[in-house]
Each structure stands twice: as structure tokens, then as C-alpha cells.
Amino acid sequence: MASIEEKERLQKFMAGAGVASRRHSEEMIAGGRVRVNGQTVREPGFKVGGADRVEVDGLAVARRREFDYLMLHKPVGVISSARDDRGRRTVLQLLGREFGGCRLYPVGRLDFDTSGLILLTNDGAMTYKLTHPRFGVEKTYLVWTPGRVAAGQLRRLADGVRLEDGMTAPARARLVSQTEDVSLLEITIREGRNRQVRRMLEAVGLETRRLKRIAFGPLTLERGLAQGGYRLLRGGEITALRRVTEGRAR
Ligand code: URA
């Protein structure tokens, strides 16, 4: 389908890109400081689109990104939906005021009692692809469980276990470490059913003492990102997320 490009007034484009307020941008335009595709433009209503190169005082102005993408380290005790009827703290309430008008939403869910990596974006198409089981995006979790884990239990987790909503798809499960008291497992799944990892462990006779997501698709929870902390994704990370969903529908 052909797309009709939306053009916008030059001063609005400049304000959106953070050059100056609209009013000040108009003054800059009138003062002959702004060029579009190499030509000085003095008309404030001049319309620019995606293909136009805008320069102010000879420096190129970067177009504002269409969408925002953040990684957040969710602490236990915070819910990952946008709102909560019971008044519990949400991941959106962890964000600073700079994201107030951005209409960000969490990409998928983590339980109230799960910590770790959650993505937030206002890119609905990307959210759909990252969360729909058709695209099979991998999510990796660390699970702390009391006592020792048998090889057969790991194998069953990897092969698939029967839950009340059906068999789980093949997964990866490995033992990271264990003592008499506690074992640490790493498990990677491609589905995202409600409380799936906890229910999988329960199905093989294991208790989940603590659950933390450490990777989502190609992204890993950044070391040093404190609980409750967040940061914008870098360009390469956004590209990697796009790649993981391209041509992957099953
Ligand atoms: N599996 C769970 O059981 N809980 C989560 O929060 C995520 C995956």
C-alpha cells in the first residue's frame, strides 16, 4: 500500500527536534538561518517531510524519533500493567516526568513478584510482534528453587510439560549452580502464558522462590541498571528488536 507522507511546518519540525520553541524557530527562519535541501527558506509555513534535509546555521537537524523504547529493571512489588484497580504501584509510575506525555506501555507482563527486564514503548506494532506467540520471541529467566534439581526435572522442563492450558513448547533449561539449600536455573521460553515459568516448575515438582527475567529477545538486562532504573534503548538495540520479529511469524 502506498503511504502518504505527512509533511509538517518547518517551525513545528524544528521545535519537535528540540532546536528551539516554535516562536524562536520562526525568528530563526525569518532571519535566514535555516536551509532546506540546501536552499535558504524564510517562509515559516514551509512544509517539510521525511526526505528533506533541514539545516540550522549550517548544521543538520536530526528528525525526532517517531517512537520511544525503554528498558526498565522492574523490582518485585510493582505491577507491569499501565493501571491497577487496587492502587498498586505500576512500572509507568517509576518513570520520570520527561516521559509523562509519551503514552508508553509495557511490552508483555511480569508478575507482581517477578523482577527483571521489561520493555516499554509507544510502538504498538512492535509490541504486538514482540508479544504474540506467532513470533516466538525468546525470554530468559533465572529461577531460584529450594533444594536440588534432578536431571530428569530439567529434561521435562526443556521437552515440555502439561499445564492446564496445554503442553508447553520446547524450552531451554540449564542448571547454573546448586547447593543443598538452593538451586539456580536458567530457562528460556518462546511463549508468554500467564505465570508460565512458575507453573512449569510446579508441574515438575519444583517451587519458585525467586524469578527474574534477564533477557528479552536480543536484549539483556544491563548490568548496573538498578532496580527501578531505566534507560532509552540505543539505535542498534531497536534495530536488533525489529530484526528478531522480521519474517519470523510462524
Ligand atoms: N513466568 C512467570 O511465571 N512469571 C513471570 O512474571 C514471567 C514468566
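Numbering of ligands and ligand atoms starts at 1, following listing order. Because only heavy atoms are used, hydrogens play no part in the values below, and waters and symmetry mates are left out as well, while side chains stay in.
A distance limit of 4.0 angstrom between heavy atoms and ligand 1 selects the residues Leu110, Asp111, Thr114, Tyr141, Arg195, Gln196, Val197, Arg198, Leu211.
Ring geometry for Phe135 versus His132: interplanar angle over 60°, hence perpendicular rather than tilted (30 to 60°).
Checked options Leu72, Leu241, Thr131, Leu104; the residue passing with Leu119 is Leu241 (criterion: side chain to side chain contact (heavy atoms under 4.5 Å, CB included)).
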Compile the donor-acceptor pairs under 3.5 Å between side chains in residues 148-157 and protein atoms, sequence neighbours left out, one pair per line.
from, atom 1, to, atom 2, distance (Å)
Arg148, NE, Glu180, OE2, 3.1
Arg148, NH2, Glu180, OE2, 3.3
Gln153, OE1, Ala150, N, 2.8
Gln153, NE2, Val204, O, 2.9
Arg156, NH2, Ala203, O, 3.4

May I have the list of side-chain donor-acceptor pairs in residues 212-225 shorter than 3.5 Å, sequence neighbours left out?
from, atom 1, to, atom 2, distance (Å)
Arg213, NE, Leu117, O, 2.8
Arg213, NH1, Tyr141, OH, 3.2
Arg213, NH2, Leu117, O, 3.0
Glu222, OE1, Arg231, NE, 2.8
Glu222, OE1, Arg231, NH2, 2.7

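For residues 97-106, no residue pair satisfies the side chain to side chain donor-acceptor pair (under 3.5 Å) rule, not counting sequence neighbours.
Between Leu120 and Pro106 the shortest heavy-atom distance is CD2-CA, 3.4 Å.
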